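Heads up: the structure comes next, in structure tokens.
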Amino acid sequence: MLSSREKISTRQAIILFILFMFSSLLWLYPFTAAKFGKQAGWLTPVFAIFPYIGLVFVLQALFKNNREANLSDIIFKTFGRVLGTVLLILYLIWMLLTLGIYVRFFAEKFLSSLLPNTHMNFFTVTLLATVFYASQRGVVYIARTAEFLFLVFSAIFFIIFIITIPNFEVINLFPVTHHDILPLMKSTYSSIGIWGSLTFVFFFGDKINDKEHIKRFGLQGAVYLVLAALMISIQTIGVYGYSVIERLSLPYVFVVKGVSILKTIERIESVTVASWIILDFIAISVTLLILTSIIKSIFALTDERSLLSPVTIFAFIFSQYIARNRFELENFFSLISIPANIIFGFVFPLIILVVGKIRGKI
Amino acid sequence: MVCLILVIIAVSIRDIKNLVSGKKKKDLVVYVIIMLLVSAFAIYYYSNPESGSFSEILLSLIGKEGGL
């Protein structure tokens, strides 16, 4: 039972996380799974889930005795005010970069699939205005919207998977032998960066109730993510084979483009891109809320809502400055974002837990 | 750039009014500083948008190619 109407449940927080990371999962996961995992790339989620499960246990341990706190409070408690502020500033910089990346990815998706001749600012301004309006209402409204949109998105995603089945070629997925273990490890490294986003959601942990259930809902989320990631990789590598998928920038949309229902209804990729907007809307809203929460903690402010407008304006400008084209953006994501996400998402929480336990603060 | 600066001014007036009426002095100071930094960034970027991108600079630092 929720103790406050101003808070969300852990279940809703996990849904926010799933939608938050799903956008990157659809965009980059098939590409990295095919590039590094080759034919066995579709098995990547089976390996990638283990670090994620470890992260769930770490987060549960962090919040075991700090149920009303957020991650910033725990960082201050563990490292003290000075070191804690330094770490939070690092997180702040990283989340600002992440926000810029997400906004730019959103625009690039449309530019490379449906509307190539439209100005990029049209997409970014439209999305950021919607996100700004929705975020002013707070995390509760975003979480409730996400809960509903999660069902809509899951239904669309599942239906598209079903209608792709006739295009599968089993030869693209098998054989998988012991020689594929090393490529699978490489492919796992490239994808776990995305899974570390769970940590970031807990920056507004003070607005999350029943944190004693992080393990339960986190593991349920893991099952959903493994199944979804398996479906995405089978759908992409299974249809065109890894050698084609690793050369495409939007493999999932490319696969959906090839789908035909009873040889009459075609070009349903517009449905996919439209449903992708749901994911980007949630991802950018969540990032915005995380950022305002971090700034609020650093400066010990009373309310974070006034910070929404400067951060949104920053996101608009930075989404243009981050990269000149899609290739630069993809290079940045694979060469810098993934390792940095592993550090911020997996390594730092573990360090916080170990130091907190040693110092008896957690 | 002019449009963006006008938007920044309009949004700032609205937010500052809210913060002043809420008597949140500290929030107001932090807000003004952040908004000034964002405005400076906007002027920096739009005064020469064709200059090197953030990715290009960062990737060149680690010795990697930016893009096509």
Side-chain angles (χ1 to χ4, degrees), chain A residues 92-94 96-101 104-105 108 120-121 124-125 128-129 132-133 136 249 291-292 294-337 339-340, chain B:
Chain A
L92 176 69
I93 293 168
W94 183 242
L96 283 169
L97 294 183
T98 306
L99 182 64
I101 293 168
R104 183 59 179 268
F105 264 149
E108 289 292 343
M120 190 178 74
N121 286 356
T124 51
V125 169
L128 284 172
F132 176 68
Y133 178 76
Q136 278 184 320
S249 63
L291 275 164
T292 53
I294 294 174
I295 300 171
K296 183 190 167 194
S297 298
I298 291 173
F299 296 102
L301 303 177
T302 50
D303 189 21
E304 70 265 37
R305 282 180 202 181
S306 61
L307 299 166
L308 286 169
S309 42
V311 178
T312 309
I313 294 167
F314 171 83
F316 170 70
I317 307 161
F318 192 69
S319 66
Q320 296 167 65
Y321 179 57
I322 182 119
R324 272 191 294 202
N325 51 49
R326 202 181 68 227
F327 305 103
E328 250 183 35
L329 192 68
E330 284 172 355
N331 274 350
F332 182 83
F333 196 88
S334 56
L335 295 169
I336 293 170
S337 278
Chain B
M1 183 163 79
V2 178
C3 280
L4 185 65
I5 297 294
L6 287 174
V7 169
I8 290 174
I9 292 167
V11 170
S12 301
I13 291 169
R14 190 200 71 151
D15 288 342
I16 290 170
K17 258 186 184 173
N18 287 339
L19 288 168
V20 169
S21 64
K23 291 177 182 168
K24 295 169 182 169
K25 237 182 193 175
K26 197 177 177 184
D27 294 36
L28 180 65
V29 173
V30 173
Y31 175 86
V32 170
I33 292 169
I34 293 175
M35 204 48 132
L36 283 174
L37 286 172
V38 170
S39 309
F41 177 51
I43 292 165
Y44 163 75
Y45 174 70
Y46 285 109
S47 57
N48 187 12
E50 297 305 316
S51 65
S53 67
F54 184 78
S55 299
E56 195 184 357
I57 296 164
L58 221 61
L59 289 169
S60 68
L61 281 176
I62 60 164
K64 301 280 179 183
E65 203 182 330
L68 292 181

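Below, chain A is the first sequence line, B the second, and so on; all start at residue 1. Model, not experiment: these values are computed from the prediction.
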Subject >> Candidate pair A/Phe314 and B/Leu37, rule side chain to side chain contact (heavy atoms under 4.5 Å, CB included), full reasoning >> reply: CA-CA 9 Å; A/Phe314 171 83; B/Leu37 286 172; over 6 Å; no
Subject >> chain B contacts, top residue of A/Leu308, A/Ile295, A/Leu307, A/Ile336 (heavy-atom pairs, under 4.5 Å) >> reply: A/Ile336
Original post:
Shortest non-hydrogen contact from A/Phe132 to B/Arg14?
Top reply: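 The pair with the smallest heavy-atom distance is CZ-NH2, 3.6 Å.
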Look up atom [atom1] in [X] and atom [atom2] in [Y], then write down how far apart they are to the nearest 0.5 Å.
X	Y	atom1	atom2	answer
A/Phe316	B/Ile8	CZ	CD1	10.0 Å
A/Ile101	B/Phe54	CD1	CZ	8.5 Å
A/Asn325	B/Ser55	CG	OG	9.0 Å

**OP:** Kindly state whether the ring of A/Phe318 and the ring of B/Tyr45 have centres lying under 6.0 angstrom apart.
**Re:** no
Answer whether the closest heavy-atom distance between the side chains of [X] and [Y] falls below 4.5 Å.
X	Y	answer
A/Glu328	B/Ser53	yes
B/Ile57	A/Tyr321	yes
A/Ile317	B/Tyr46	yes

**OP:** Tell me, for A/Glu330 versus chain B, whether the close heavy atoms (under 4.5 Å) come from the side chain, the backbone, both or neither.
**Re:**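 It is neither, since no heavy atom gets under 4.5 Å.
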Original post:
Has the side chain of A/Ser306 got a donor or acceptor atom that lies under 3.5 Å from a matching backbone atom of B/Asp15?
Top reply: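 Side chain of A/Ser306 to backbone of B/Asp15, a donor-acceptor pair under 3.5 Å: no, none is there.
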Subject >> Backbone of A/Leu301 reached by a side-chain donor or acceptor of B/Lys24 within 3.5 Å >> reply: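 No, B/Lys24 side chain to A/Leu301 backbone: no donor-acceptor pair under 3.5 Å.
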Using heavy-atom distances under 4.5 Å, tell me whether [X] contacts chain A through its side chain, its backbone, both, or neither.
X	value
B/Leu4	side chain
B/Ile62	side chain
B/Val38	both

Original post:
Have B/Asp27 and A/Thr302 got a donor and an acceptor in their side chains that come within less than 3.5 Å?
Top reply: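 Yes, side-chain donor-acceptor contact under 3.5 Å.
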